[in-house]
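To keep things clear, I will list the structure first and then write my remarks on it.
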Number of protein chains: 2
Amino acid sequence: MKQRLAAIGTVETLPHRVAAFLSREIESGELNPGARLPTEQELSEKFGVSRNVVREAIAQLRADGVIEARQGIGAFVLAPEQRAAIRIDREALKDTHNMERLFELRCILEAESAALAAARRNREHLDSIKAALDRMGGEERWEEGSIDADLLFHREIARATGNNYIHTFISFVCEQIRHSIHYARMTNPLHDLVEINVGEHVRIYDALVAGDPAASEAAMRAHIVGAANRVGVKLPLPKANGAK
Amino acid sequence: MKQRLAAIGTVETLPHRVAAFLSREIESGELNPGARLPTEQELSEKFGVSRNVVREAIAQLRADGVIEARQGIGAFVLAPEQRAAIRIDREALKDTHNMERLFELRCILEAESAALAAARRNREHLDSIKAALDRMGGEERWEEGSIDADLLFHREIARATGNNYIHTFISFVCEQIRHSIHYARMTNPLHDLVEINVGEHVRIYDALVAGDPAASEAAMRAHIVGAANRVGVKLPLPKANGAK
DNA sequence: ATGATACATATCATCCTACAACTACCTTCG
DNA sequence: CGAAGGTAGTTGTAGGATGATATGTATCAT
């Protein structure tokens, strides 16, 4: 858990800061696709860092498909759809509105995945899910261990779909929401009172055991809407009020 | 478009190769979470590259949250759920089975997003979608320009949800599928015969204009299942056969 | 003997210089 | 006027040097 906290409060290394700066310049439109970045030397002078640091920053942007560097010419901004990775800005997570959007995305992903999981889960999957459920029941409050169990519960369900990409995406989104809640709690301690609703989880588990896709989807949807509400986010989903 | 091709056939730079090697070692389980990586010097000797190259590779892995470097100690492998970015291995895209999984994920994302878009789209959104639709209709064959228009069509619908994360995720998944199909076509030229079904797109657009979430979702789902079939992928989705 | 302090070591973080590889542009020569 | 070649600028790679930080060890006072 110390690891986790260390990862959250990551020290801002120099290359990271340079990359974040350039990334925002691109995101905000100051550097349009096709535009050429300043040379590495210019950047190193501008930021007051060595060329090495600039290179590490550029290497990161290039790995993400944000820019393309061509030897002898320079580095150029690529179109947004050419991104090779999805990366979510930590700063943006501090905005409640973005947390709402994340919950919305999560609801879309997890609800239907729950239906898939219900159709494909096997004994081993159910056992893993049950184990996470039991760990969660131990504590009622929104404690670290309880949150871990909660996330594990959702990851295990995602794994039961047998689709590794679904697992990756759901894990990622859940983790981003975790961070977002983490920030919200720091600025507003009231959230400490929030509890994890075990009953909602049990209903999801039961539906998965029964192998009922529709019930699993409905239970998952209700749970995520409930979870969002408990942290102060209202989810205005059309599907939630029965556009079946 | 030349840019696009250049990006696909990206020259493998040394840091990229080192990062890919380490990444696979972690993915395959040879380096478990918590394990310590060799020192930068050891790695530079092992791969026969300068320490600078190793550092750029490590910077990349660290930015993705795959490893965590701690000054004075070393670099350690993090747990998969701590990843800060989603990145899909290009090699894996060459596997047809993975393409099927991607289509499944795409269907989940886009179907429900289409419902959201139907509820929230405004005039400007509809115009953008229509523009993409018109571009697509010009050519019948699966040509580059037509594919671009197709992807743009889907991106514009994702944008109409008003949720930037949904837009990002859908764009990303679509682009991965594009690459996957690209590879499939190289090894199996038969796929050249595949056409884009304009009718399916029109049905989606009409439902969006009508502002009908359920119809939009159904049309989108049917379209993606159809698109998957046309490239030789069968989607066994429970929702597809009426688990409403 | 024990505990605390200081030192040595290992490792990452950053900086610096140099050269190689590549590209665009300009010059020069036929 | 055209083409070959040279030159400057930029990224790619190499290697070493120094600073910052954590770990382990040795020394010393109590």
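Proteins get letters first, then strands, A, B, ... in listed order; numbering begins at 1 in each. Note that the structure is predicted; figures quoted are calculated from it, not measured.
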Polar atom pairs between nucleotides 19-21 of chain D and protein, under 3.5 Å, N or O only, would you list them?
from, atom 1, to, atom 2, distance (Å)
D/dG19, N2, B/Q71, NE2, 3.3
D/dA20, O4', B/Q71, NE2, 3.4
D/dA20, N3, B/Q71, NE2, 3.0

Can you list everything that forms a side chain to side chain contact (heavy atoms under 4.5 Å, CB included) with [X]? Sequence neighbours excluded, please.
X: A/E27; result: A/S23, A/R83
X: B/A228; result: B/F103, B/V233, B/L235
X: B/N52; result: A/N52, B/S50
X: B/E110; result: B/R106, B/H154, B/I170, B/C174, B/M220, B/I224

side-chain hydrogen bond (donor to acceptor under 3.5 Å, both in side chains) pairs, two or more places apart, involving residues 162-174 of chain B: A/E104-B/N163

Would you kindly give the [atom1]-to-[atom2] distance between [X] and [N], to the nearest whole Å?
X: A/R17; N: C/dA13; atom1: CZ; atom2: P; result: 14 Å
X: A/E68; N: D/dG12; atom1: CD; atom2: C1'; result: 15 Å
X: A/R70; N: C/dC22; atom1: CZ; atom2: C1'; result: 12 Å
X: B/F47; N: D/dG12; atom1: CZ; atom2: P; result: 20 Å
X: B/L43; N: C/dC12; atom1: CG; atom2: C1'; result: 13 Å
X: B/F76; N: C/dA10; atom1: CZ; atom2: C1'; result: 12 Å
X: A/I58; N: D/dT11; atom1: CD1; atom2: P; result: 7 Å

A/L105 side chain reached by B/L109 side chain, heavy atoms, under 4.5 Å: yes

A/R24 vs A/E30 side-chain heavy atoms within contact, under 4.5 Å: no

Lys/Arg-Asp/Glu bridge criterion (N-O < 4.0 Å) met for B/E124, B/R159: yes

Electrostatic pair B/R178-B/D148, nearest N-O below 4.0 angstrom: yes

ring-ring contact (aromatic ring centres under 6.0 Å, His included): pairs with one or both residues in residues 17-62 of chain B, sequence neighbours excluded: B/F21-B/F47

Could you run down the sub-3.5 Å N/O contacts of the protein with nucleotides 4-6 of chain D?
none

C/dA13 OP1/OP2 closer than 4.0 Å to side-chain N/O of B/R62: yes

N/O (side chain, B/R55) to phosphate O (OP1/OP2, C/dC12) under 4.0 Å: no

A/R62: salt bridge (Lys or Arg N to Asp or Glu O under 4.0 Å) partners, not counting sequence neighbours: none

Full working for side chain to side chain contact (heavy atoms under 4.5 Å, CB included) between A/R17 and A/T13: CA-CA 6 Å; A/R17 264 156 61 175; A/T13 177; over 6 Å; no

Which atoms of nucleotides 15-18 of chain C (N or O only) lie under 3.5 Å from a protein N or O atom, and what are those distances?
from, atom 1, to, atom 2, distance (Å)
C/dC15, OP2, A/S50, N, 2.9
C/dC15, OP2, A/S50, OG, 3.3
C/dC15, N4, A/N52, ND2, 3.3
C/dC16, N4, A/N52, ND2, 3.0

From CA spacing to verdict: side chain to side chain contact (heavy atoms under 4.5 Å, CB included), B/I58, B/I67: CA-CA 8 Å; B/I58 287 185; B/I67 66 175; 3.7 Å; yes

Contacting residues from residues 35-42 of chain A, given that a heavy atom lies under 4.0 angstrom of DNA chain D: A/R36, A/T39, A/E40

side-chain hydrogen bond (donor to acceptor under 3.5 Å, both in side chains) against B/K46, all qualifying residues, sequence neighbours excluded: none

